[in-house]
Every structure is written in structure tokens, then in C-alpha cells.
Amino acid sequence: MSTLTEQEALAQRARSGEYDHLIVTAPGDGVGPDVVAAARRVLDAAGSRFGFRIQWQEIAAGGCAIDAHGVAIREEDLQVADTADAILLGAVGGPQWDNPNASVRPEQALFALRTRYELFANLRPVTILPELYDASPLKSERLVGVDLMMVRELTGGLYFGKPSGEEVTPTGRRAVDTLPYHEDEIRRIAVIAFELARTRSKRLASIDKANVLENSVLWRKTVIEIAKEYPDVALNHLYVDNAAMQLIKAPKDFDVMLAENLFGDILSDEMGAIAGSIGMLPSASLGTAKTGGLYFGLFEPGGGSAPDIAGKGIANPLAQILSVAMMLRFALGEFAAADAIEAAVKKVIEAGLRTGDIWSEGTRKLGTAEMGAAVAEAI
Ligand code: NAD
């Protein structure tokens, strides 16, 4: 008689209705394990309230995997991730693995996951609770009503284009990068942006540099073609330099923003700065579409492993918790639970509970685990 592998056993338990969603977590390095633990607690609480059961499976990714196994992520762990309904990632990296010339680096785990699941759509929402306006470098009156969603293409463009590299020429060194996009790659990310705009205020700003770059000309033409299928969405185009300025001057004028990989990378960090603390910003990287408008995806906080505060139990888990809300909405179809988690985060902030990064006079400072417990309690 053959014995079941662990994954086959899990699949059998899913079929028998023993649990509803299988989540693979990769807590990673630095503050990752602490904020993932807090987020797990919140998701389990949401499951109890809304009547779904989560099965958790943990894999090693990043620096911890390099130390334990010599690679940033093992093939057998990727195979575990293959069986998941969604992946919840903490953060990878830290000074002890920070050698750009090393052949094995923590971020290879991220690239492996993005490539394996073709996670081409990176979504970064930014909303700012009024209680946290003081954390932003912008004046409070500019923040009222800010509700942004960056949709960034994640698997193409300059970061992957070939040729790329440095060469020595008779007159000195020369380096080249290449910015390629096929219209299909533009089309699939644009569709996600239009679909999202439809569920929000039906405004979409497409970012390019069509006055200079051939690639941006194709980007703009393709987005205009897709727009014909979404007559209810108001589309406008901005050059990236202007978009960077307008985001500071009037962030509330934007809703969904669509950009290729490099422009999206830069603008989403600018949006993070507008929000004040990176500890509040979730993100989702979506790949394969599933049935019913859901996606397979990887959900993680906007920040990194925060080595400066790692091991102290003081990191803000709210970005990770809000990334769980995105996971419920985009991957698991548990919409009421997603809303409840976002409402619970709002409630704890309104109640004056803060981690160190967002603390201000008159509010109560909590550690990572306590903040997770407070949100779980508020659900
Ligand atoms: P970082 O986001 O880790 O830290 C920047 C600043 O934000 C630090 O002061 C940190 O304390 C603070 N911060 C970040 N997350 C926080 C949280 N949850 N609560 C409170 N404060 C928080 O960025 P960095 O310092 O540029 O990078 C540190 C390491 O993280 C590097 O090894 C980098 O490669 C890695 N990194 C990983 C990811 C990822 O896993 N997706 C993303 C970015 C950076």
C-alpha cells in the first residue's frame, strides 16, 4: 500500500471539507516572522467569525533558507507553494546576506516565486487614516480623501530586458539596459487596472513617457485600445515626471494608477512616503486568474525586513495584516472578512493604539504581538 505524501494528505483533507483555504506562509527574515505571526492570528480570528477554516503551511524563503539549506528557496518548498490557495510572505533579506556579488541572495526567493507563478500585477493601495495624517510629510488638508491604488507591471520591462550589462570599450566603460514590452504584457496588466477602476471611482491614470520612449508609445496605444472595452472608466495619460509632481500636489486627484515596472516601482515608493509609514502599506502580486474574478497571488507588506528593529518585537504588523485583507479579497473570495479586517485596523487606530513607528503623544504604544491581538480582538 502506498503512503500519502504530506501534500496529497492535505489535498484529501481539503476535499473532505476539513478546511477551506490552504495558505502557505514564508515569514522570511528580520521582522518578517513577527509580523506574519500577528497576521496569522488575525486571519484565524476572521475565519472563526466568518465560518471558514485555514490550513497553514510554512516554507523557508530568503536569508533563513540560505542559512538552513544553501539556497534562497528550495524546489521542494516551491512545490509546497504550488498547492496553496495563496502565499503570505513576510520579508526577505538583511545585512548578513547583503553582498550583491554573492551567487546566492535572499531576493532570489522573491524572483523565483514571481517567475514561477507569473505574478505580473503588483497592487499597492494607499489610504491614510486621519489619525495618522501627522506621520505624512504632506499637509493634512492634502491628505483628506486620498485613496490610491498603484497597479505596477512586475515581470517585464527594464529589470528583465536583454541585452543588459557592462562592457569595456576603447573609450571607457559602457553599460546598457533594455526596456521591452510586448503588447500582450501591456494588455493583461491594463485589464487588471481597468477592472479595479470599475470597482472603485472609475478613474484610471496611465503613466508613461510617450514623448520620449518608443516603448511608452506602444504602452499608451495599447491602453487606449483596452479602454474601448471600459467606456464607464475615465482614462487619462500622464508623463511619469508630471505624475510624480501631481502626486505630491494633489494626491486625492488620483484613484487607480497604471505603470510599467520601473515607473511603478518609483511612484509606489513616493506613494508610500506620502502615507507616512511603510509599516501601514500592504501589497499584492497577482498572477493566474482563477474562476469568479479571483487570482492566485502573493501577499506581503510594502516594507522590507527592517533589520534596524528586528528581534525587538516592535515592528508594525498592520501592513502584513492589511495584506491578509487583500488576500481574502483577491485570492480567497472572502469579501466580508476582508472588510472586517480593514475595519478592525481602523478601529484600533481610532482607539489610540500604535506601534512605535506611528506613535505620537497621547496614544498608547504596543508591540507587534499586542497589536496583532488587538486587531484580532476588534474583528
Ligand atoms: P525596510 O523597509 O526594511 O526598512 C526601511 C525603514 O522602514 C526602516 O527604518 C525600518 O525600521 C522601517 N520599517 C519597515 N517595515 C517596518 C515595520 N513593519 N514596522 C516599523 N517600521 C518598519 O527597507 P530597507 O532598510 O531598505 O531594507 C532592509 C532589508 O529588507 C534589505 O535586506 C532589503 O533587501 C530587504 N527588503 C526586502 C523586501 C521584501 O522582502 N519584499 C522589500 C524591501 C526590502
Side-chain angles (χ1 to χ4, degrees), residues 25-39 42 59-67 72-73 87-102 104-115 117 119 122-124 132 135-137 152 154-155 159 261 264-266 268-285 297-324 326 345 348-349 353-360 363 365-372 375:
T25 58
D29 307 314
V31 300
D34 289 351
V35 292
V36 166
V42 170
I59 60 172
C64 60
I66 294 176
D67 289 351
I73 191 162
I87 303 171
L88 187 66
L89 182 114
V92 299
Q96 60 271 57
W97 306 283
D98 245 0
N99 174 5
N101 298 317
V104 184
R105 296 189 310 279
E107 60 274 19
Q108 288 166 345
L110 292 179
F111 294 137
L113 290 163
R114 283 178 193 164
T115 310
Y117 304 115
L119 302 175
N122 184 234
L123 272 49
R124 286 236 219 156
L132 302 181
S136 170
R152 166 189 168 195
L154 201 60
T155 51
Y159 297 177
N261 205 342
D265 190 1
I266 296 168
S268 52
D269 269 24
E270 184 182 332
M271 282 162 49
I274 291 170
S277 173
I278 194 117
M280 295 298 296
L281 298 177
S283 90
S285 300
L298 181 146
F299 300 84
E300 59 180 322
S305 60
D308 51 333
I309 55 167
K312 297 184 179 160
I314 58 169
N316 186 345
L318 295 178
Q320 188 83 61
I321 289 168
L322 291 168
S323 77
V324 164
M326 293 186 86
V345 167
V348 299
I349 295 290
L353 305 182
R354 304 280 192 278
T355 43
D357 57 316
I358 51 173
W359 180 84
S360 58
T363 62
K365 203 184 277 185
L366 301 183
T368 312
E370 292 169 294
M371 184 57 110
V375 177

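Note that ligands are numbered from 1 as they come in the structure, with each ligand's atoms numbered from 1 the same way. Excluded from the calculations below are hydrogen atoms, water molecules and symmetry mates; all remaining heavy atoms, backbone and side chain alike, are included.
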*Asks:* To the nearest 0.5 Å, what is the distance between OG1 (Thr115) and CG (Leu110)?
*Replies:*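 Taking OG1 in Thr115 and CG in Leu110, the distance rounds to 10.0 Å.
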
*Asks:* Of the listed options (Pro307, Gly90, Ala91), which comes nearest to atom 28 (C) of ligand 1 when hydrogens are ignored and any heavy atom counts?
*Replies:*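 Ranked by closest heavy atom to atom 28 (C) of ligand 1, first place is Pro307.
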
*Asks:* Please work out which of Asn316, Thr368, Asp308 has its closest non-hydrogen atom nearest to atom 17 (C) of ligand 1.
*Replies:*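 Nearest option to atom 17 (C) of ligand 1, by heavy atoms: Asn316.
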
*Asks:* How many angstroms lie between OG in Ser277 and CD1 in Ile358, if you round to the nearest 0.5 Å?
*Replies:*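 Interatomic distance, Ser277 OG to Ile358 CD1, rounded to 0.5 Å: 6.5 Å.
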
*Asks:* Using a strict threshold of under 4.0 Å (side-chain N to carboxylate O), is an ion pair present between Arg124 and Asp265?
*Replies:*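 Salt bridge: no.
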
*Asks:* Which heavy atom of Leu89 sits nearest a heavy atom of Pro301, and at what distance?
*Replies:*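 The answer is O-CD, 3.4 Å.
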
*Asks:* State the CG-CD1 distance between Asp29 and Ile66, to the nearest 0.5 angstrom.
*Replies:*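 Result: 8.0 Å between the selected atoms.
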
*Asks:* Just heavy atoms, cut-off under 4.0 Å: does Glu107 contact ligand 1 by side chain, backbone, both, or neither?
*Replies:*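 No part of Glu107 is near ligand 1 at this cut-off.
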
*Asks:* Quick one: nearest non-hydrogen protein atom to atom 14 (C) of ligand 1, plus distance?
*Replies:*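 Of every protein heavy atom, Ile278 CG2, 3.4 Å lies nearest to atom 14 (C) of ligand 1.
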
*Asks:* Give the C-alpha distance, both sets of side-chain angles, the deciding distance and a yes or no for side-chain hydrogen bond (donor to acceptor under 3.5 Å, both in side chains) between Asp34 and Thr368.
*Replies:* CA-CA 7 Å; Asp34 289 351; Thr368 312; 4.9 Å; no

*Asks:* What protein heavy atom sits nearest atom 1 (P) of ligand 1, and how far away is it?
*Replies:*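 Checked against all protein heavy atoms, atom 1 (P) of ligand 1 sits closest to Gly304 N, 3.5 Å.
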
*Asks:* How long is the span from the OG atom in Ser285 to the CG atom in Leu123, to the nearest 0.5 Å?
*Replies:*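 Here the rounded value is 8.0 Å.
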
*Asks:* What do the steps show when you test Leu298 against Arg114 for side chain to side chain contact (heavy atoms under 4.5 Å, CB included), and what is the final call?
*Replies:* CA-CA 8 Å; Leu298 181 146; Arg114 283 178 193 164; over 6 Å; no

*Asks:* Within a distance under 4.0 Å of any heavy atom of Gly303, pick out the atoms of ligand 1 and give their elements.
*Replies:*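 What qualifies from ligand 1 is 2 (O), 42 (C).
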
*Asks:* By number and element, which atoms of ligand 1 are closer than 4.0 Å to a non-hydrogen atom of Gly93?
*Replies:*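 Answer, ordered by atom number: 32 (O).
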
*Asks:* Can you tell me which residue and heavy atom of the protein come closest to atom 21 (N) of ligand 1, and the distance to 0.1 Å?
*Replies:*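 Ranked first by proximity to atom 21 (N) of ligand 1 is Ile309 CD1, 3.6 Å.
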
*Asks:* How long is the gap from CG on Leu88 to CE on Met326, to the nearest 0.5 Å?
*Replies:*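 Leu88 CG to Met326 CE: 12.5 Å, rounded to 0.5 Å.
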
*Asks:* Contact between ligand 1 and Val31 is defined here as a heavy atom of the residue under 4.0 Å from a ligand atom; is it met?
*Replies:*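 Contact check Val31 vs ligand 1: negative.
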
*Asks:* Just to confirm my output: which protein heavy-atom neighbour is closest to atom 29 (C) of ligand 1, and how far is it?
*Replies:*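 Going by distance alone, atom 29 (C) of ligand 1 is nearest to Ser305 OG, 3.2 Å.
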
*Asks:* For atom 4 (O) of ligand 1, which candidate among Ala109, Gly94, Ala306, Gly356 holds the nearest heavy atom?
*Replies:*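 The option holding the nearest heavy atom is Ala306.
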
*Asks:* Going by a strict under-4.0 Å cutoff (protein heavy atoms only), does atom 6 (C) of ligand 1 have a neighbour on the protein?
*Replies:*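 Within 4.0 Å of atom 6 (C) of ligand 1, no protein heavy atoms are found.
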
*Asks:* What part of Thr355, side chain from CB on, backbone N/CA/C/O, both or neither, has a heavy atom under 4.0 Å from ligand 1?
*Replies:*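 It is neither; nothing of Thr355 touches ligand 1.
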
*Asks:* Side-chain contact, heavy-atom cut-off 4.5 Å: Val92 with Trp97?
*Replies:*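 No - every pair of side-chain heavy atoms lies 4.5 Å or more apart.
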
*Asks:* Against heavy atoms of Asp357, which atoms of ligand 1 measure under 4.0 Å?
*Replies:*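 Answer, ordered by atom number: 20 (C).
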
*Asks:* Please give me the minimum heavy-atom distance between Gly94 and Pro307, naming the atom from each residue.
*Replies:*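 Smallest heavy-atom distance, with atoms named: CA-CG, 4.5 Å.
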
*Asks:* I'd like to check atom 26 (O) of ligand 1 in this structure: does the protein have a heavy atom lying under 4.0 Å from it?
*Replies:*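 No, there is no protein heavy atom closer to it than 4.0 Å.
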
*Asks:* Measure Val92 to ligand 1 on non-hydrogen atoms and call it side chain, backbone, both or neither using the 4.0 Å cut-off.
*Replies:*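 For Val92, backbone and side-chain atoms both sit under 4.0 Å from ligand 1.
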
*Asks:* Specify whether the nearest protein heavy atom to atom 10 (C) of ligand 1 is under 4.0 angstrom away.
*Replies:*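 Yes.
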
*Asks:* Pull out every atom of ligand 1 sitting under 4.0 Å from any heavy atom of Glu300, numbered as shown with elements.
*Replies:*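 It comes down to these atoms of ligand 1: 41 (N).
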
